[in-house]
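Below is one structure, written out as structure tokens, with a few remarks after it.
Please read all numbers here as calculations on a predicted model, not as lab measurements.
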Amino acid sequence: MSLDVLKFSNTVLIAPLIAVLSIWTVFWVEVQFSVNLNEYGVYPRTVSGLKGIVFSPFIHGSVSHLYNNTIPLAVLMAFLFYFYQDVALRVLLFGTLVSGLLTWAIARPSYHIGASGVIYLLASFIFFKGIFAKNYRLVALSLIVVFIYGSMVWYIFPVKDGISWEGHLSGFATGLVFAFITKVRVPEVRKYDWEREDYREEDDPFLQHFDEDGNFIETSSEESEESEDQIEIKYHYRKSTEE
């Protein structure tokens, strides 16, 4: 497998842009037309609350709530679509549905809104998939996610009132499961000839130019090749026709 697995595409920019524009547009509609769309959030264990599985990630209760979700959503989606472009759309769509359904099943009786569940889904998937893949590039990405967003793990517990820790927990658990069951292509680690198990120094053309003490030597075969490669130039003279 080649290193082309990690190849930049337009979706790396377009997907996060669409996501950010979507959540901000919905909030603008709420403010502009003085409507409250919270009833389209996830309301646990009710039939009408199932619609929130699809709509809740687009609804936010305040500007601060929206702002706090915007940057992590954009960054993590860009990571997902660059490093896992083959499965990115599947993880995003099905992961959102599964985490929303899990929130509907376990959460407190209240409207649960916001894209934070999706953010926890992406952060969890990217972190655990990098660890499971055991590829140094993907492991490095996992460490970056931990460094930037590692503190989010505390909010999968009920440590603060007014937040849907159940949505966070659902997204985190879904990301872990998807990281475990989703197969991805990983970049091949290139090995030089001397790193291979069947490498033999005596067969290396380069090392054959050196003796046991490391001194450069010229082989007779090389000299013969040079003589064969020499260009022979012949000059032919003819008499001038001028009088």
Rounded to the nearest 0.5 angstrom, the OG-CZ distance for S22 and F58 is 5.5 Å
Same cluster for L101 and L97 if Ile/Leu/Val/Met/Phe/Trp/Tyr side chains link at under 4.5 Å? yes
Looking only at non-hydrogen atoms, find the nearest pair between L76 and I126 and report the distance. O-CD1, 3.6 Å
Exercise: identify the closest heavy-atom pair between L121 and V91: CD2-O, 4.0 Å
Within this structure, what is the OG1-CG distance for the pair T182 and D86, rounded to the nearest 0.5 Å? 12.0 Å
Pair F125 and F178, ring centroids less than 6.0 Å apart: no
Mind checking whether F132 and F127 have ring centres under 6.0 Å apart? no
Chi angles and distances behind the side-chain contact (heavy atoms from CB on, under 4.5 Å) call for I119, M152: CA-CA 10 Å; I119 292 172; M152 294 195 316; 4.1 Å; yes
Could you verify whether a donor N or O on one side chain and an acceptor N or O on the other, from H112 and T103, lie under 3.5 Å apart? no
Considering all heavy atoms, the nearest H65-I113 contact: CE1-O, 3.8 Å
Do I18 and V20 sit in one hydrophobic cluster, given that two such residues count as connected whenever their side-chain heavy atoms are within less than 4.5 Å of each other, even indirectly? no
Grab the two heavy atoms, one from S56 and one from G41, that are nearest each other, plus how far apart they are. CB-CA, 3.9 Å
For the OG1 atom of T11 and the CE atom of M77, what is their distance to the nearest 0.5 Å? 9.5 Å
Would a 4.5 Å heavy-atom cut-off, applied to side chains only, mark Y149 and P72 as touching? yes
Any donor-acceptor N/O pair, R45 side chain to A107 backbone, under 3.5 Å: yes
Donor-acceptor pair, side chain of Q85 and main chain of L80, under 3.5 angstrom: no
Where do L169 and L102 land on the side-chain contact (heavy atoms from CB on, under 4.5 Å) test, with the steps shown first? CA-CA 9 Å; L169 178 60; L102 186 58; over 6 Å; no
Distance in Å, I181 CD1 paired with L176 CG, rounded so as to fall on 0.5 Å steps: 10.0 Å
Contact check, side chains of L141 and Y84, non-hydrogen atoms, under 4.5 Å: yes
Side chain proximity check, I23 to H60, heavy atoms < 4.5 angstrom: yes
Shared hydrophobic cluster for I71 and I14 (ILVMFWY, side-chain gaps under 4.5 Å): no
Note: F55 and Y40 closest approach over all heavy atoms is CB-O, 3.6 Å
Side-chain heavy-atom pair W104, L50 within 4.5 angstrom cut-off: yes
Exercise: do S99 and S170 side chains pair donor with acceptor under 3.5 Å: no
Grouping I, L, V, M, F, W and Y whenever their side-chain heavy atoms are under 4.5 Å apart, do L21 and L93 come out in a common cluster? no
Kindly indicate whether the side chain of Y111, heavy atoms from C-beta on, has any atom under 4.5 Å from the side chain of I59. no
How are the rings of H168 and Y120 set to each other: parallel, tilted or perpendicular (split at 30° and 60°)? parallel
Minimum heavy-atom distance I156-W165, with the two atoms named: O-CE3, 3.4 Å
Do L122 and L92 make a side-chain contact, defined as non-hydrogen atoms from C-beta onward lying under 4.5 Å apart? yes
Look up atom CG in N135 and atom CZ in F83, then write down how far apart they are to the nearest 0.5 Å. 10.0 Å
Quick one: sort the W154 and F157 rings into parallel, tilted or perpendicular, breaks at 30° and 60°. tilted
Could you tell me if the side chain of F79 sits less than 4.5 Å from the side chain of V75, heavy atoms only? yes
Hey, does P57 have a side-chain heavy atom less than 4.5 Å from the side chain of T96? yes
Count I, L, V, M, F, W, Y as connected when their side-chain heavy atoms are under 4.5 Å apart, and connections chain through other members. Are F180 and V139 then in the same cluster? no
Polar side-chain atom of S142 near backbone of L138 as donor-acceptor pair, under 3.5 Å: yes
